[in-house]
2 protein chains.
Amino acid sequence: MSKGQQTRAIILTEALRAASVEGFQGISIGMLADRLKMSKSGLFAHFGSKEELEKTLLDEAARRFMEAVWQPAMKAPRGRPRIEILFSSWLAWSINHEDLPGGCLFVALASEVDDKPGPVRDHLAELQTQWQAMMMRSAQIAIQEGHFRADLDPRQFAYDLQGIFLAMNYYRRLLRDGAAVQRAEASFRSLIERAAALH
Amino acid sequence: MSKGQQTRAIILTEALRAASVEGFQGISIGMLADRLKMSKSGLFAHFGSKEELEKTLLDEAARRFMEAVWQPAMKAPRGRPRIEILFSSWLAWSINHEDLPGGCLFVALASEVDDKPGPVRDHLAELQTQWQAMMMRSAQIAIQEGHFRADLDPRQFAYDLQGIFLAMNYYRRLLRDGAAVQRAEASFRSLIERAAALH
DNA sequence: ATACTTTACGAACGGTCGTTCGGAAGGGCA
DNA sequence: TGCCCTTCCGAACGACCGTTCGTAAAGTAT
């Protein structure tokens, strides 16, 4: 790895941390440069514009998300076990205070960019649409495997799962409810039971 | 109403609209002054600091929320009917594009301020804690009235309701899913059925 | 109408923002 | 080693930020 790619990776890691806490509006080139003890212009040169940095951050976050959440799930057996791993990895991703001290970056950014037309919004919306599709597809597989009811609506399943996750973030980060994760797990178990095929 | 209170009210209405779209970080004194065709310093004088403006906005939003969501519910019969009105008013509040073109202000702010210690964060967290308590209390009343199962956990009920609402905002505003409201209503019906007492 | 207070304005403050540019230092290959 | 090209820096840019201040105008009460 060349010197440039090396510092670029360091910048991305630090910027992801900062963005998970402050959002894209809250991070600035100067602040990142200070934290990394380099010059504003030096850091800036790696991306050419702040918008380009933001798009790069979205890609890097998506890459890490796939690695931390999706890949473990794909190693699990198809159907219900896979969905259970998917959800627990998802929770763990959001709670991982090392890489994302401000919690899930996508949640932090959703409200910030949803009304700002532009490539950053488009990029995030596409990533999140893909994520909904992945959850939906996982539910379809669980139906195929006979784990879930045949008349289950996979889209509604993905919607409910997303709601449980968003509520967890909200309870945990804003309300500082120590039981947020347990509540999420309780809702998840209830959702799975309702989805499960009868025996 | 004196002249000062009058312009103050106009400022608040415009600032609420702007904040629902851009968040507190995204609004500035100068931008609001431009939109209202008045001077920066003239607008500023009404609040003394931006933080004071933000706190005032939270209070004003809470006042309107009570008026639009809570009061209609309190007029409905105790128990299940009240909870149904509560939820539909809540959805309507979030979709009211006139006053809040960027959707529910509290949702928009939650991620923005949850990691920023200070009076604004404290204020929002308290308002939202109260809101959770109101939902919980409504569920308790529904149990008392015999509409909901006696072993229902009201806290978990409030958590699930919050999740349905957050997912609706997320699907509607970021993913631009036209069916977001229907999905929310479907999840709500399912939640109510599970909570309902058996006959 | 007079006197006093409230309300609004324009100019200016130090600071930070993203961005540009010319040049110095250092890594990577011949 | 010598050379080039990547990497990084410092200084400066115009724009905007929240905030301060002195002052003029408008509102309000007697």
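Chain letters run A, B, ... following the sequence lines, proteins first and then strands; every chain starts at 1. Everything quoted here is computed from the prediction, not taken from an experiment.
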Checking B/W131 against B/F106 for the ring pair (Phe, Tyr, Trp, His ring centres under 6.0 Å) test, could you report, in this order, the C-alpha distance in whole Å, the side-chain angles of both residues, the deciding distance, and whether it holds?
CA-CA 11 Å; B/W131 170 238; B/F106 304 118; 9.0 Å; no
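Counting distance only, with no hydrogens placed and no angle test, the side-chain atoms of A/K40 and the base atoms of C/dG18 include a donor-acceptor pair under 3.5 Å. Not a single donor-acceptor contact under 3.5 angstrom links the side-chain atoms of A/S39 to the base of D/dG10.
Atom CD in A/Q5 sits about 8 Å away from atom P in D/dT7, given to the nearest Å. As rounded to whole Å, 14 Å separates atom C1' of C/dG26 from atom CE of A/M38. For A/Q6 and D/dT6, the CD to C1' distance is 14 Å, given to the nearest whole Å. A straight line from CZ of B/F44 to C1' of D/dT20 spans 8 Å, rounded to a whole angstrom. Distance CG (B/L43) to P (D/dT20): 15 Å, rounded to an integer number of Å. Rounded to whole Å, atom P of D/dC9 lies 14 Å from atom CD1 of A/I29. One atom, CZ of A/F24, and another, P of C/dG18, lie 13 Å apart when rounded to the nearest Å. Between the C1' atom of D/dC16 and the CG atom of B/D34 lies a distance of 11 Å, rounded to the nearest Å.
Side-chain N/O atoms of B/S41 include none lying less than 4.0 angstrom from OP1 or OP2 on D/dT19. In this model, the phosphate group of C/dG27 is not approached by any side-chain N or O of A/K3 to a distance below 4.0 Å at OP1 or OP2. Note on B/H46: a side-chain N or O is less than 4.0 Å away from OP1 or OP2 of C/dA8. Contact between the side-chain N/O atoms of A/T7 and the OP1/OP2 oxygens of D/dC8 is found at a separation under 4.0 Å. Phosphate contact (OP1/OP2 of D/dT7, side-chain N/O of A/S2, threshold under 4.0 Å): present.
Note on A/L36: nothing from the nucleic acid sits closer than 4.0 angstrom, heavy atoms only. Using a 4.0 Å heavy-atom criterion, one finds that A/M31 contacts no nucleic acid atom at all. Using a 4.0 Å heavy-atom cutoff across all strands shown, A/S28 reaches sugar-phosphate atoms only and no base atom.
Remark on DNA chain D: of its neighbouring residues A/R8 and B/I27, the 5'-side contact belongs to A/R8, judged by nearest-heavy-atom nucleotide.
No donor-acceptor distance shorter than 3.5 angstrom exists from the side chain of A/Q140 to the backbone of A/P154, with no hydrogens or angles considered.
Put simply, the side chain of A/I85 does not reach to within 4.5 Å of the side chain of A/K75, judged on heavy atoms.
Around CZ of A/R64, the count of heavy atoms belonging to other residues, nucleotides or ligands within 6.0 Å exceeds 12. For B/R155, the CZ atom is loosely surrounded, since the number of other residues' heavy atoms within 6.0 Å does not exceed 12.
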